[in-house]
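Only one structure is covered here, and it is reproduced in the block below.
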Amino acid sequence: MYAKPDSTTMKTRVARAGDAMDAALKSLSYRVDGHTLNGMRNDNLPFRDGTSAVAEIAPEPTSATRVPDGLATGRPSREEAEAAVRTLLRWAGDDPTREGLIETPARVAKAYEQLFAGYRVDADALLERVFEEVEGYSDIVLVRDIPFHSHCEHHMVPFMGLAHIAYYPSKGVVGLSKLARVVDAFAKRLQTQETMTAQIADVIESILKPRGVAVMLEAEHLCMAMRGVQKAGVSTITSQFRGVFKDAPDEQVRFLTLVRGGAR
C-alpha cells in the first residue's frame, strides 16, 4: 500500500512553484525599436501601433548555426523546468499532485537532459582526429543505416529514422563511430529534418575538407502520424551533395546504389 500524500501540502507547493514561474516569465522583456514586450514571446502579437517585430526579435538561424547563440544565457534552473512541467500538466487537464504524476516533472527534466544532449556537444571537435596512415586510400567511405531519433521543433514530437553518410577523403579518414556521433549531436536537439541534413554535411565538409560529401536522411515524423493529417508509415527523405557528389551525377547514383544495398 502506498501512503496517501498530503494533498493540501502538495497543492500549496505546486501553487508556489506556479507563482514563481509566472513571476519569472513576467520579468522577461524584449525591447525592439523602442517597444517593450513583457513575458513570453508571441510572434503574432503586434505592437500598439499595429506593427510587428517578428524578424527583429528572433531571426531564424541558418543551417550552419550549429549551436544557438543564446544557449548559455538565461537558462532556467532545474526547479523552474520542473515547475513548467507542472504547469503543462495542469493545462492538459490533469492534477500534478496525484500519486502517478508527483515525480513526473523530475522525470521529464531528466529525460530532456538525455533527449536534447546534443546542445552540449561540439560536433566540430568530434571530427578533429584524422587518421592519415590509410595506405593511400582515397575512394568512397560510406556509413549507412545509422539509426537516430530527434524532435520536431514545431511540435516537439519525435521523428526517427536512418542516416547515410559518404565522403571522399582528401587528407585521411575519420573514425567511423565519429560519423554516428555527429548524427547524434544534431539529432538530439529540436530540429527539422532538412536543417539536420544540412548541418551534418556542413560540419563534415568544413572540418574534414573532403573531395565530396553525401548525406541522406530518411525518417518518419510522429507529428504527421499522431496529429494533423494522421498518416502513419510515411517516410520523408532529405539529401545534401557537396563537392564531387554535387558536380558528378554518376557519383550520386553510386552513393544511392550503395545505400540501397548494391554492396550486399
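All values derive from a computational prediction rather than experimental measurement.
Heavy atoms of other residues, nucleotides or ligands lying less than 6.0 angstrom from CG of Leu176 number 12 at most. Residue Glu133 places its CD atom among 12 or fewer non-hydrogen atoms of other residues, nucleotides or ligands, all under 6.0 Å distant.
Considering only heavy atoms from C-beta on, Val213 stays 4.5 Å or farther from Gln240 through its side chain. A heavy-atom distance below 4.5 Å is found between the side chains of Arg254 and Ile140. Between Leu101 and Asp95, every side-chain heavy-atom pair lies at or beyond the 4.5 Å cut-off. Side-chain contact between His155 and Arg227: present, with at least one pair of heavy atoms (C-beta onward) separated by less than 4.5 Å. Proximity of Asp122 to Leu126: side-chain heavy atoms (C-beta onward) are nowhere separated by under 4.5 Å. Contact of the Ile204 side chain with the Leu127 side chain is registered, since non-hydrogen atoms from C-beta on lie closer than 4.5 Å. You'll find the side chain of Thr104 reaches within 4.5 Å of the side chain of Arg107, heavy atoms only. Side-chain contact check for Phe186 versus Val121: every heavy-atom pair is 4.5 Å or farther apart.
Here the closest heavy-atom approach between residue Phe131 and residue Gly175 is recorded as CE1-N, 3.8 Å. For Pro96 against Leu89, the heavy-atom pair with the smallest separation is CB-CD1, 4.0 Å. Smallest separation of non-hydrogen atoms from Ala185 and Ala123: CB-CB, 4.3 Å. Minimum heavy-atom separation, Phe241 to Ala214: CD2-CB, 3.7 Å.
In this structure, NZ on Lys246 lies 10.0 Å from CD on Gln252, to the nearest 0.5 angstrom. If you take OH on Tyr168 and CZ on Arg211, they are separated by 7.0 Å, rounding to the nearest 0.5 Å. With rounding to the nearest 0.5 angstrom, the NZ atom of Lys188 is 11.0 Å from the CE atom of Met196. Atom CD of Glu128 sits about 6.5 Å away from atom CD1 of Ile207, to the nearest 0.5 Å. One distance of note links SG of Cys223 with CD of Gln230; it measures 12.0 Å at 0.5 Å rounding. Rounding to the nearest 0.5 angstrom, the gap separating the SG atom in Cys152 from the CE atom in Met224 is 12.0 Å.
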From CA spacing to verdict: side chain to side chain contact (heavy atoms under 4.5 Å, CB included), Met216, Leu256: CA-CA 9 Å; Met216 184 169 77; Leu256 295 172; 3.9 Å; yes
Audit row: Gln193, Thr238, side chain to side chain donor-acceptor pair (under 3.5 Å) steps and yes/no: CA-CA 7 Å; Gln193 184 174 331; Thr238 53; 3.2 Å; yes
Chi angles and distances behind the side chain to side chain contact (heavy atoms under 4.5 Å, CB included) call for Leu208, Val174: CA-CA 8 Å; Leu208 296 185; Val174 70; 4.0 Å; yes
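For Phe148, there are no ring pair (Phe, Tyr, Trp, His ring centres under 6.0 Å) partners, not counting sequence neighbours. Not counting sequence neighbours, the partners of His164 by the side-chain hydrogen bond (donor to acceptor under 3.5 Å, both in side chains) test are Glu218. Phe159 is linked by a ring pair (Phe, Tyr, Trp, His ring centres under 6.0 Å) to His221, counting only residues two or more places apart in sequence or in another chain.
Partner of Thr197 under the side chain to side chain contact (heavy atoms under 4.5 Å, CB included) criterion, out of Ile237, Thr192, Val215: Val215 alone. Partner Ile165 forms a side chain to side chain contact (heavy atoms under 4.5 Å, CB included) with one of Leu142, Val141, Ile146 and no other, that one being Ile146.
Salt bridge absent: Arg90 and Asp94 never bring a charged side-chain N and a carboxylate O closer than 4.0 Å. One finds no salt bridge joining Arg242 and Asp247 here, because no Lys/Arg side-chain nitrogen approaches an Asp/Glu carboxylate oxygen to under 4.0 Å.
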Between side-chain atoms of residues 108-117 and protein atoms elsewhere (two or more places apart, or another chain), which donor-acceptor pairs fall under 3.5 Å?
unit_1, atom_1, unit_2, atom_2, d
Glu113, OE2, Arg78, NH1, 3.3

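The other members of the hydrophobic cluster of Leu222, by chain and number, are Val157, Met160, Met226 (side-chain heavy atoms under 4.5 Å, ILVMFWY only).
No side-chain donor from either of Tyr167 and Glu205 sits under 3.5 Å from a side-chain acceptor of the other.
A salt bridge (charged side-chain N to carboxylate O under 4.0 Å, His left out) check over residues 158-183, counting only residues at least two apart or in different chains, returns nothing.
In this structure, Ser150 contributes its side chain and Ala187 its backbone to a donor-acceptor pair below 3.5 Å. Using a distance-only test at 3.5 Å, with no hydrogens or angles considered, no donor-acceptor pair links the side chain of Ser235 to the main chain of Glu220. Judged by distance alone, with hydrogens and angles left aside, the side-chain atoms of Ser206 form a donor-acceptor pair with the main-chain N or O of Asp202 at under 3.5 Å.
Leu258 and Leu162 fall into different hydrophobic clusters, where Ile, Leu, Val, Met, Phe, Trp and Tyr side chains are chained together by heavy-atom contacts under 4.5 Å.
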